[in-house]
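Along the sequence shown, residues carry numbers from 1.
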Amino acid sequence: MRSGPHIGLLYPTRDCGEDDFLALAAKLDPGLVVDFAYVPWGEKIDRLEDLDPAGKHEAVRELGEPDRLASAAARFGERPDVVSWACSSCSFTRGLEGAREQARVLGDRLGVPASSTSLAFLGALAHLDVGRIALASVYHRDTTASFAGFLAEAGVTTVHSVSADAPSDRALAAWDRDRITELATAADHADAEALLIPETALHTTPLLEDLETALGKPVLTATAVTLWDASRALGTPPTQPHLGELFATR
């Protein structure tokens, strides 16, 4: 039997950053259980890195189809207390209403609170009262623009962004500290109140405090906001030192 609150994460690609979620969860609450269920890519998708930008965009939109997510949620071994679609691009590329629809369908299917990484970013920004951001994007510039558009729908202004155009989430899971830090530094802007790094495959947990110290502002990563948002839905928003401003206060 599980020992504590149970967060279920729907995830796009196996062995691409799950360990970073588990590392952060252990820091937040050793009793927190994080479980993964994997959403299968479309039948025509072989190697994501072989697709052109338009093909990748269409692939992640297809992966985020609400019924596909709901079917994948049946793969959880035990029904979680809260569920989140832990993929940034697969939620924001459907727009704000599309992301909300994903959460509604998941919540209705499982009967528990449901969200996504993209919606979690909005919740974290509201919690910190941030309206202007810089965007350290690993995506192609067109997908970066989609995320900026998603944020704009919620009233958040992107003052500066960079786009790394990485080939796949599997490639991103291998990025080291220096490469992530270089991307964040390049994306920062004096007018931004916070920096966003929207990619769950990146191993960002060990960098949270160092990035915020270096940039002098909150740094919101996909992994951090997803777990923060899910924990808040459980009614126990975590506070822990050395994990950045998001986890500093309730």
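Using modelled atom types, no side-chain atom of E153 and backbone atom of F150 make a donor-acceptor pair closer than 3.5 Å. Judged by distance alone, the side chain of R132 and the main-chain N or O of D191 form a donor-acceptor pair under 3.5 Å. T205 places no side-chain N or O within donor-acceptor distance of the main-chain N or O of A23, the cut-off being under 3.5 Å. S137 places a side-chain N or O within 3.5 Å of a backbone atom of Y139 that can act as its donor or acceptor partner. Under a 3.5 Å cut-off, the side chain of R170 and the backbone N or O of R14 do form a donor-acceptor pair. Side-chain atoms of Q102 come within 3.5 Å of backbone atoms of C90 as a donor-acceptor pair (strictly under, hydrogens ignored). D81 places a side-chain N or O within 3.5 Å of a backbone atom of H6 that can act as its donor or acceptor partner.
Atom CG of D129 sits about 7.5 Å away from atom CD of E193, to the nearest 0.5 Å. In this structure, OG in S163 is found 7.0 Å from CG in L135, a value given to the nearest 0.5 Å. Once rounded to the nearest 0.5 Å, the distance linking OG of S115 with CZ of R100 reads 11.0 Å. To the nearest 0.5 angstrom, T213 atom OG1 is 11.5 Å from L207 atom CG. In this structure, S84 OG and L227 CG are separated by 8.5 Å, a value rounded to the nearest 0.5 Å. Atom-to-atom distance recorded for F247:CZ and Q240:CD is 9.5 Å, nearest 0.5 angstrom.
Connection of V34 to L24 is established within a shared hydrophobic cluster, with ILVMFWY side chains joined at heavy-atom distances below 4.5 Å, either directly or through further cluster members. Hydrophobic clustering keeps L10 apart from V105 (ILVMFWY residues linked when any side-chain heavy atoms are closer than 4.5 Å, directly or through intermediates). Both I7 and Y38 sit in one connected hydrophobic cluster of ILVMFWY residues. Membership requires side-chain heavy atoms under 4.5 Å apart, directly or through other members. Under the 4.5 Å side-chain heavy-atom criterion for grouping Ile, Leu, Val, Met, Phe, Trp and Tyr, L215 is connected to L128 within one hydrophobic cluster.
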**OP:** Might you work through the side chain to side chain contact (heavy atoms under 4.5 Å, CB included) test for W85 and L63, ending with a clear yes or no?
**Re:** CA-CA 11 Å; W85 174 212; L63 191 65; 3.9 Å; yes
Subject >> Derivation and outcome, side-chain hydrogen bond (donor to acceptor under 3.5 Å, both in side chains), residues S88 and T117 >> reply: CA-CA 5 Å; S88 304; T117 298; 4.8 Å; no
**OP:** In sequence, state the C-alpha distance, the side-chain angles, and the governing distance for V39 and R68, and then conclude on side chain to side chain contact (heavy atoms under 4.5 Å, CB included).
**Re:** CA-CA 7 Å; V39 184; R68 182 186 292 268; 3.7 Å; yes
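Residues P206 and D20 are in side-chain contact: their nearest non-hydrogen atoms beyond the backbone lie under 4.5 Å apart. Taking the side chain as every heavy atom from C-beta outward, L96 and L119 approach each other to under 4.5 Å. Two residues are said to be in side-chain contact when any heavy atoms from C-beta on lie closer than 4.5 Å; L202 and V138 meet this criterion. Here the side chains of V219 and T204 are not in contact, with every heavy-atom distance at 4.5 Å or above. With a 4.5 Å cut-off on side-chain heavy atoms, V130 and V156 do not count as touching.
Taking each heavy atom of L196 and L151 in turn, the nearest pair found is CD2-CD1, 4.1 Å. The heavy-atom pair separating A166 from W175 by the smallest distance is CB-CZ2, 4.4 Å. The two residues L243 and L208 have their closest heavy-atom pair at O-CD1, 3.6 Å. Scanning all heavy atoms of the two residues, the minimum distance from G123 to R232 falls at CA-NH2, 3.9 Å. Taking all atoms of both residues into account, the shortest heavy-atom contact from I197 to A184 is CD1-CB, 4.3 Å. Of all non-hydrogen atoms in A124 and V225, the two that sit nearest each other are CB-CG1, 3.8 Å.
Within 6.0 Å of CD on E65 lie more than 12 heavy atoms contributed by other residues, nucleotides or ligands. Heavy atoms of other residues, nucleotides or ligands lying less than 6.0 angstrom from CG of D176 number more than 12.
Classification of the H189-H160 ring pair by plane angle, with boundaries at 30° and 60°, yields tilted. Taking the six-membered ring where tryptophan is involved, the planes of Y11 and F21 are perpendicular, since the angle between them exceeds 60° and thus also 30°. Using the six-membered ring where Trp is involved, W228 and H127 have ring planes that are tilted, between 30° and 60° apart.
Under the rule for a salt bridge (charged side-chain N to carboxylate O under 4.0 Å, His left out), the partners of R104 that lie at least two apart in sequence or sit in another chain are E97. Applying the salt bridge (charged side-chain N to carboxylate O under 4.0 Å, His left out) rule to R94 yields no partners; only residues at least two apart in sequence or on another chain are considered.
You'll find the ring centres of F121 and F147 inside the 6.0 Å limit.
The salt bridge (charged side-chain N to carboxylate O under 4.0 Å, His left out) pairs that include a residue from residues 209-218 are R177-D210, D188-K217, where partners are two or more places apart or lie in different chains.
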